[in-house]
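Written out below as structure tokens is the structure these notes cover.
As the structure lists them, so they are numbered: ligands from 1, and atoms in each ligand from 1.
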Amino acid sequence: MNKLLSLIEKLETEHSLSLDEYVCLIENRTEESAQLLREKADKVRREIYGNTVFIRGLIEISNFCKNDCLYCGIRRSNKNCDRYRLTKEEILECCDEGYGLGFRTFVMQGGEDAFYSDELLCGIVSRIKEKYPDCAVTLSLGERSEESYRKLYEAGADRYLLRHETADSGHYAKLHPEKMSFETRMNCLKTLKKIGFQTGCGFMVGSPYQTTEMIAKDLKFIEEFKPDMCGIGPFVPHKDTPFANEKGGSAELTCYLLSIIRLIHPAVLLPSTTALGTIDGNGREKGILAGANVVMPNLSPTSVRKKYELYNNKLSDGNESAQSKANLAKRIESIGYRIVTDRGDIKK
Ligand code: 5AD
């Protein structure tokens with residue numbers, strides 16, 4: 001424990017460890033080191049954000065996707081996926097409902113679907129911003145050209161989420177078809193940041209072929225890239241993918257990594273993800289206790305919710321739905337935090 005203790009103290013003061021040190025901190029973890037990390041992560045988060053938790057209304061606009069990521073349930077070759085896309089009007093209705101419920105950030109997420117031209121998306125973004133100038137718009141629509149990202153930014157989009165998935169190029173190649181490139185993904189992230197988006201990266205915990213050394217690389221990448229947001233969640237197998245029979249990631253390691261990321265970047269916006277809530281009944285709460293300060297309930301129309309199935313048993317109703325905000329608020333209060341009606345920008 002002495003070795004771990006000094007690594008945790010170093011991380012707390014320097015916000016950085018070497019790759020070997022990250023590996024050591026992860027491989028030798030104990031309930032004791034997890035507890036210490038949680039306490040330190042919670043302390044720095046409270047110094048910046050108090051006990052507030054930000055909420056985002058997640059609108060899953062389309063499950064059409066041109067990509068064929070080996071882990072993902074909405075991959076192009078999944079013939080069992082019942083495809084849908086939302087119209088501008090439907091998306092705006094979600095925002096109307098979300099605004100009434102107290103959401104001040106709308107996240108439009110979807111597969112890479114060419115149906116959503118720059119023109120269509122920019123029209124949707126600018127309409128949301130016009131109607132709700134006090135709200136932030138976050139996009140999570142995959143890889144697009146620099147020109148496209150620029151247009152979306154100029155139309156008023158504030159933030160963009162694009163998980164890097166893994167910071168190891170060899171690992172990236174094992175999770176994605178040959179057509180997709182690690183370099184392109186990393187370049188998109190740099191471009192988004194350069195344009196001025198509050199930018200989010202992230203990765204799956206326990207994805208097939210992932211080693212501790214790879215996780216250390218993810219942490220080093222996060223350290224250096226300095227994202228405003230960072231989405232991490234356990235890998236959860238989906239039955240209609242090549243990874244159907246692979247093992248899923250654990251809530252325990254996900255929470256451990258949430259604490260580490262909080263200490264790397266004390267002000268980062270860190271969601272307690274749906275995947276974490278899916279594999280563990282108390283996952284959302286455990287994520288917040290470990291250092292997460294964002295939750296993203298589902299605001300998609302109920303008729304399509306089950307269709308956006310990235311992995312098996314993905315939660316979409318009950319406590320995951322925006323409509324159950326009161327219930328969610330109660331659960332969050334029961335662990336000592338509170339949901340606020342706020343855009344929830346990063347405190348710099
Ligand atoms: N398990 C967990 N997360 C997944 N994602 C996609 N498929 C899965 C899965 N099977 C995550 C990816 C993607 C985000 C939208 O969802 O990291 O970036």
Side-chain angles (χ1 to χ4, degrees), residues 56 58-78 80-81 107-113 138-144 159-168 171-172 174-177 180 182 184-186 188-189 192 199-210 214-215 218 221-222 227 229-251 253-255 257-258 261 270-280 283-284 287 294 296-298 300 305 307-316 320:
R56 324 294 195 197
L58 182 63
I59 308 169
E60 294 155 336
I61 68 168
S62 168
N63 66 358
F64 281 87
C65 190
K66 73 169 164 63
N67 291 328
D68 220 16
C69 306
L70 277 75
Y71 46 84
C72 185
I74 65 168
R75 66 200 301 266
R76 185 185 55 205
S77 40
N78 182 7
N80 294 330
C81 177
V107 182
M108 283 200 268
Q109 183 174 90
E112 291 191 17
D113 180 358
T138 304
L139 301 177
S140 177
L141 301 167
E143 296 176 3
R144 302 178 74 93
R159 313 188 184 123
Y160 204 104
L161 303 173
L162 181 68
R163 289 193 179 176
H164 63 286
E165 311 297 357
T166 169
D168 181 283
H171 187 213
Y172 192 91
K174 289 188 174 155
L175 300 180
H176 300 95
M180 291 177 71
F182 175 72
T184 307
R185 175 63 54 118
M186 289 304 195
C188 282
L189 278 168
L192 288 162
T199 304
C201 63
F203 63 96
M204 288 177 289
V205 177
S207 59
Y209 312 109
Q210 185 182 58
M214 291 169 184
I215 297 177
D218 286 313
F221 169 70
I222 289 165
M229 296 133 349
C230 186
I232 70 162
F235 162 71
V236 185
H238 186 289
K239 65 179 182 2
D240 299 316
T241 65
F243 290 161
N245 299 316
E246 299 288 335
K247 221 173 104 225
S250 75
L253 180 55
T254 303
C255 290
L257 295 171
L258 283 170
I261 295 169
L270 208 52
S272 188
T273 55
T274 307
L276 183 55
T278 296
I279 63 160
D280 183 322
R284 289 278 206 195
V294 173
M296 301 167 68
N298 198 310
S300 308
R305 273 188 202 166
K307 299 180 184 174
Y308 199 82
E309 202 194 27
L310 302 175
Y311 42 83
N312 283 149
N313 308 316
K314 177 170 162 277
L315 297 181
S316 62
E320 286 308 307

### Query
Pro234: heavy atom below 4.0 Å from ligand 1, yes or no?
yes

### Query
How far is atom 9 (C) of ligand 1 from its nearest protein heavy atom, and which residue and atom name does that atom have?
Val236 O, 3.4 Å

### Query
Judged by modelled atom types alone, do Thr166 and Asp168 share a side-chain donor-acceptor pair under 3.5 Å?
no

### Query
Hey, are the side chains of Tyr71 and His238 touching, using non-hydrogen atoms and a 4.5 Å cut-off?
no

## Note on the structure
For Arg163, the atoms of ligand 1 under 4.0 Å from one of its heavy atoms are 11 (C), 12 (C), 17 (O), 18 (O)

#### Entry: ligand 1 atoms in contact with Phe235 (distance to a heavy atom under 4.0 Å)
1 (N), 2 (C), 10 (N)

### Query
Above 12 or not: heavy atoms from other molecules or residues under 6.0 Å from NZ of Lys247?
no

### Query
Which residue holds the protein heavy atom closest to atom 3 (N) of ligand 1, what is that atom called, and what is the gap in Å?
Met204 SD, 3.5 Å

### Nearest-option assignment for atom 17 (O) of ligand 1, heavy atoms, candidates Arg75, Glu165, Gln109, Glu60
Glu165

### Query
How far is atom 16 (O) of ligand 1 from its nearest protein heavy atom, and which residue and atom is that?
Leu310 CD1, 3.5 Å

## Note on the structure
For atom 7 (N) of ligand 1, the closest protein heavy atom turns out to be Tyr71 CD1, 3.3 Å

### Query
What are the two closest heavy atoms between Arg76 and Lys66, and how far apart are they?
NH1-O, 3.1 Å

### Any side-chain donor near an acceptor of the partner, Ser77 and Asp68, under 3.5 Å
yes

### Query
For the residue pair His164 and Phe221, is the inter-centroid distance of their aromatic rings smaller than 6.0 Å?
yes

